[in-house]
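A, B, ... follow the sequence lines: proteins, then strands. Residue 1 opens every chain. Values reported hereafter were calculated over all heavy atoms of this structure, with side chains retained and with hydrogens, waters and symmetry mates removed.
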Amino acid sequence: MRRLTEFWRRYRRNVLAVLAFGVLLVVAAMAVFADLLYPQGPWEMVTRPFLWPGDRSQHLLGSDMLGRDVMAGIVHGSRVSLLIGVVATAVAFIIGTLVGATAGYFRGWVDDVLMRFTEIFQTIPPFMFLIVLVAIFKPSVTTITLAIGIVSWPTLARLVRSEFLTLRERDFVQAGFVIGMSNTRIILTQILPNALPPVIVTSSVIVATAIINESALSFLGLGDPNLMSWGTMIGAGRQVLRNAWYLTALPGIAILLTVLALNIAGDGLNDALNPRLKSG
Amino acid sequence: MIPLLQVENLTKHFVTRQGTVQAVDDVSLSIGEGETVGLVGESGCGKSTLGRMIVRLLEPTSGTITLQGKEVAHLRGEASKRFRRRVQLIFQDPFTSLNPRSTVGRILEEPLIVHRLGGRDERRAQVEELLRRVGLSPGAADQFPHEFSGGQRQRIGIARALALSPELIVCDEPVSALDVSIQAQVLNLLSSLKRQTGIAYLFISHDLSVIRYIADRIIVMYLGKIVEVAGHDSLWDRPLHPYTQALMAAVPLPDPQAARSRERVVLEGDLPSPVSPPSGCRFRTRCPHAVDRCAREEPALREVVGGRFVACHLVTAGDGPTDIGPGGPPPPAA
Amino acid sequence: MMSYIARRLLQAVPAVFGIIIINFFVLHLAPGDAADVLAGEAGAANEAYMKQLRETFGLDQPLYVQLYEYVANILQLNLGYSFRHNMAVADLIAERLPATLWLMLSAVFLAVGLGILLGVTSARFVNTIVDRIASVLALLCYSTPVFWIGLMMIVLFSVELGWLPSGGFETIGADFTGLDRVLDVLWHTLMPALALSLFYLAVYARLMRASMLEVYRLDFVTTAHAKGLSPARVAFKHVLRNALLPVVTMAGLHLGGMLGGAVVVEVVFSWPGIGRLAFDAIFQRDFNLVLSILVLSSVLVIVINLAVDLLYAWLDPRIEIR
Amino acid sequence: MSGVAPPLLEVRALETRFSTEAGLVHAVDGLSFSVNKGDSLALVGESGCGKSVTALSILRLVPDPPGRVAGGEILFEGYDLLKLSRRDMRRIRGGEMSMIFQDPMTSLNPVLTIGDQISEAIRTHESVSRRSAWRRCVELLELVRIPDPHRRVHDYPHRLSGGMRQRAMIAMAVACAPKLLIADEPTTALDVTIQAQVLGLLDRLKRELGMTVLLITHDLGVVAEWANRVVVMYAGNKVEEGRVDELFAQPLHPYTQGLLGAIPQAGRVHYTNARLHEISGTVPNLIDPPARCRFAERCAKAIDICHREYPAPFRPAAGREVSCFVAERDLA
């Protein structure tokens, strides 16, 4: 608890980061209360097509070519974005931390093998790999989430590995060996608490990347066909780009704001979790 | 009588991209119960590697380490854990040797938890006692390492090493990162702890003057080899190995008169690469007295006079230490 | 030097095998028979094609034989035939690759060039309004989805202002030659390359700023000042080159990502490269073509990475190439 | 020596401050001392006493922000360096006055050859051709006894050992025959046998090139071996000054006395027969320090006034100075 308040005290100093946190709260609220806000769902044709934003007050952001409410689409789309962003990152986090920690802690041939393996995954152009995976395994929330997780873990694995490699050589970890700690205990009590902060910061950036990747998939028509996503809206809007560009612009702004907020919050986390400890 | 710790023919090689580094090569030494052995040498001489093998942070390439007659170099599991209670380590850098995310209390309690010593309250009491013994207030237990100065942190490191009441503590340059005035505090603390508990130290340092103050017996290393072993007084009065002589001549004395009056033996050149050390005597490339034989034959570490060992062809058993003045040339080869 | 390149290429061999094997398993883990996946479910799955697939990949054999066949075929660049395009897959890729390489080259040029410029400016005016604006700009570019900014650029520059062509590699039917053609291609490249570069531009700007500030704190910069050098000389001769090192490393790591981004950009701007080819192939369910593109792009990344490492070693003499 | 000649360098009431999150650090606080032509002056003190900041202040190299020279004068051959234009200051740096640093591993640019870096120093101050500057580099490397200078001049720093790099740094510093060389802990990162080589080299160059050297160190041994005059600093102030012989024979300030007593080597002490003299406590915080003797809290001899007032410098003899109420009382 004391640490949490201390953390918030430091995070609060970055005004922009607090603002970003607010934006994320709003997006999260949209995702949670989507069914309350727009109980009819995003697919319902509620008005006349091609209403520009501001034309009618009850459809604030206008309507698309089928007369569906753009705002309803954005609110419901936040669900897909956040869900896939967070869960895919969790998948990447689990794989990345396991692989990276094992490689960095045990070093030697274990490290060599795991890192060669990671490098292979890093060499395959991630987005291409992503569309291939999703296309072959048929687009659904599950396949998309897993596929994004699979292309995102190498970054985390490398980060965790380098953290483990340096921390393992630190004197305080060596001291753990000298007082007779087991490997598990050293990893859990000495290394992990010190390795985690940069990993958490990077994870926030990976959530952002995952959201962009999901929207790009949907834009290309490889999203879950049963769900309304921001990328799907942009893909649909593209067909009428010349006449109704707001249909492309608005969901894009939603993505931009969310991703921007995540990145700024990541910077804020970084400052709050790694205060430059004064030495000497 | 069996010494507390006996090291025989210990060797450690590191394989690097440039080649195999012979960090420690065929080193033997012993440490008696309650004895302070000083290990001195310049960077790259292998003193830290040797220390880390003795506390079993590094696996020796070959050779044996015995603690009271029992082989310890390859212990596993519970036996290894029992060893940890008897031999501890104090680190050089007080800023990196304490976990920045643990409280001081937690850091000191950990050894007790790992070895299941005492219940929660007992451990708490023990932590307070440890803090008191190293001259810190019990309140320090709730603070984090970064709230302390370098000297205070080093005291915390010492308290951690004491927690398991070991018989031997390897001190790896424990005062090198500290200012002189703080260094004196730590050296005094280490010697008073020794008086109280009869603990043995292997004290590693590059600083001959610190070694001379704290050690009963001094071992001088050069490029992975022991070149000389002597009692602290006899080494200071009559260094026998040309390297020891040069090392002592190079130590700046805080006494302008003495500094000016002594002979200067400034060693030429740099330390050779430990990947391809010179043939024969490793010191010969910088030795002012080297002769042909030094390049051909590796000098063995031999006892010259009671308790004094030297690895140099030019110092022979027949020559008493009386023949050699401080800093003077060693006698000609027999 | 040559032996270094040879050794690096040798080291790349397991990676290439690994990539091929991963591809193979992706194919086999997919629901249904691999031949179905390869041939696609849509109309093109005629008997001749299925037969050719089964022969090429030995699909009736046990799995390990299939793996062997698959690897052997790819290593001989025997990638099969695309019935959709009526062309050998290898030829098809060779035809489309230059456009993608050109796009990437332009984007790398823009990203590295503008990124460094922005980063150096930020570092020079650190903590001033200039730095703030540059930082916000970088953060915006960093957070913008590439396909969306591409579309928005089309709206602004092609639809509303009519300044730039909305897509394609060159003006169809114009039959420009010589310099005119070069200018035409450049004109068409501008928007897609800029769209593709924005994200990376932001990364390099942020990295360059941090790196410059970091290097400015190093001792040898104080040495340089102590020699009496002018601030400009210190910046260009001593700081810049050292600060570039992490940017070069990053740029090398990003190539794969950029190749992926090229898919989206090529779709948005109707760019006739391998990204667009892969995208079309996916919807035509021509998975053999898709997987071949994937393998070849990965190999491409390995080769370019080697080139980047050589560049790095040239910039940093501490890296010994032997 | 006549006392008429003006000092080569005179620092008067120097104040250098750093703004930090916690507050304004008075790193150097009213420091005055002078360096005469031909001096080997040592500025000695423990970490954080402001000795390195003093060196950087003299060359106006204090990183700004966060640092700033807030007051005082630095007279070099009579001219106040703090009033010079940037351009004129650059002419002084590396020309009239140069500096070498503690860590030879980090103070040379890793991506430029030794020759590039030395000839850059030459060509900045003298209009000579690239070729003749390069020739001078080789001569300079010879001067500092780097073996095989024709080859070494093309080497990158990482190919040289620590001792060799420090020699190369020295070669670079003396390239334009400066009148004053400031050496900031030049041997701290080196082994003792290499340290002896480097100190010997500095001594020789000083004689051969007629330089004056200001040596900054924490090591009283180095001071005793090498310097002829010494200024002892504590917490941003000068506490004592004198000729080396006098100061070591009879240290006047309790801090100097404490420092000398804390070194195990002085006298034949061994843990079995003597405790080392310790100075209790730690260095005070220099954020807005109170106007009183900075050492009072740690001083065994402190009297009432020490905790209330700042001791003015007291000069018991020519060239001897101490800032201590107790010493002043005892000497009076």
Can you tell which part of [X] gets under 4.5 Å to a heavy atom of chain C, answering side chain, backbone, both or neither?
X: Ala135(A); answer: both
X: Val151(A); answer: neither
X: Leu130(A); answer: neither
X: Asp267(A); answer: side chain
X: Arg242(A); answer: both
X: Phe117(A); answer: neither

Do the non-hydrogen side-chain atoms of [X] and [Y] ever get within less than 4.5 Å of each other?
X: Ile120(A); Y: Phe17(C); value: no
X: Ile22(C); Y: Phe129(A); value: yes
X: Ile19(C); Y: Thr123(A); value: yes
X: Tyr142(C); Y: Asn263(A); value: yes
X: Thr248(A); Y: Val155(C); value: no

At a heavy-atom separation under 4.5 Å, does [X] approach chain A through its side chain, its backbone, both, or neither?
X: Ser158(C); value: neither
X: Ile282(C); value: side chain
X: Val267(C); value: both
X: Ala278(C); value: neither
X: Leu140(C); value: both
X: Val146(C); value: neither
X: Gln11(C); value: neither

How many angstroms lie between [atom1] in [X] and [atom2] in [Y], if you round to the nearest 0.5 Å?
X: Leu256(A); Y: Trp148(C); atom1: CG; atom2: CH2; value: 5.5 Å
X: Phe283(C); Y: Leu220(A); atom1: CZ; atom2: CG; value: 7.0 Å
X: Ile274(C); Y: Met128(A); atom1: CD1; atom2: CE; value: 4.5 Å
X: Thr144(C); Y: Ile255(A); atom1: OG1; atom2: CD1; value: 10.0 Å
X: Leu156(C); Y: Trp245(A); atom1: CG; atom2: CH2; value: 9.5 Å
X: Gln122(A); Y: Ile302(C); atom1: CD; atom2: CD1; value: 12.0 Å

I would like to know whether Val263(C) and Ile131(A) meet side-chain contact (heavy atoms from CB on, under 4.5 Å); could you show each step before the answer?
-> CA-CA 10 Å; Val263(C) 178; Ile131(A) 53 179; 3.8 Å; yes
Do you know which of Ala15(C), Gly261(C), Ala262(C), Pro14(C) has the most heavy-atom pairs with chain A at a distance under 4.5 angstrom?
->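 Going by pairs under 4.5 Å, I would pick Ala15(C).
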Using a cut-off of under 4.5 Å for heavy-atom pairs, which of Ile149(C), Val268(C), Leu253(C) has the most such pairs with chain A?
->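 Ranked by heavy-atom pairs under 4.5 Å with chain A, first place is Val268(C).
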Pick from [options]: which one has the most heavy-atom pairs with chain C under 4.5 Å?
options: Asn213(A), Val205(A), Ile212(A); answer: Ile212(A)
options: Ile264(A), Ile211(A), Ile124(A); answer: Ile124(A)
options: Ser215(A), Gly231(A), Ala208(A), Gly237(A); answer: Ser215(A)

Hey, is OH on Tyr11(A) packed in by over 12 heavy atoms from elsewhere, all under 6.0 Å?
->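 Enclosed.
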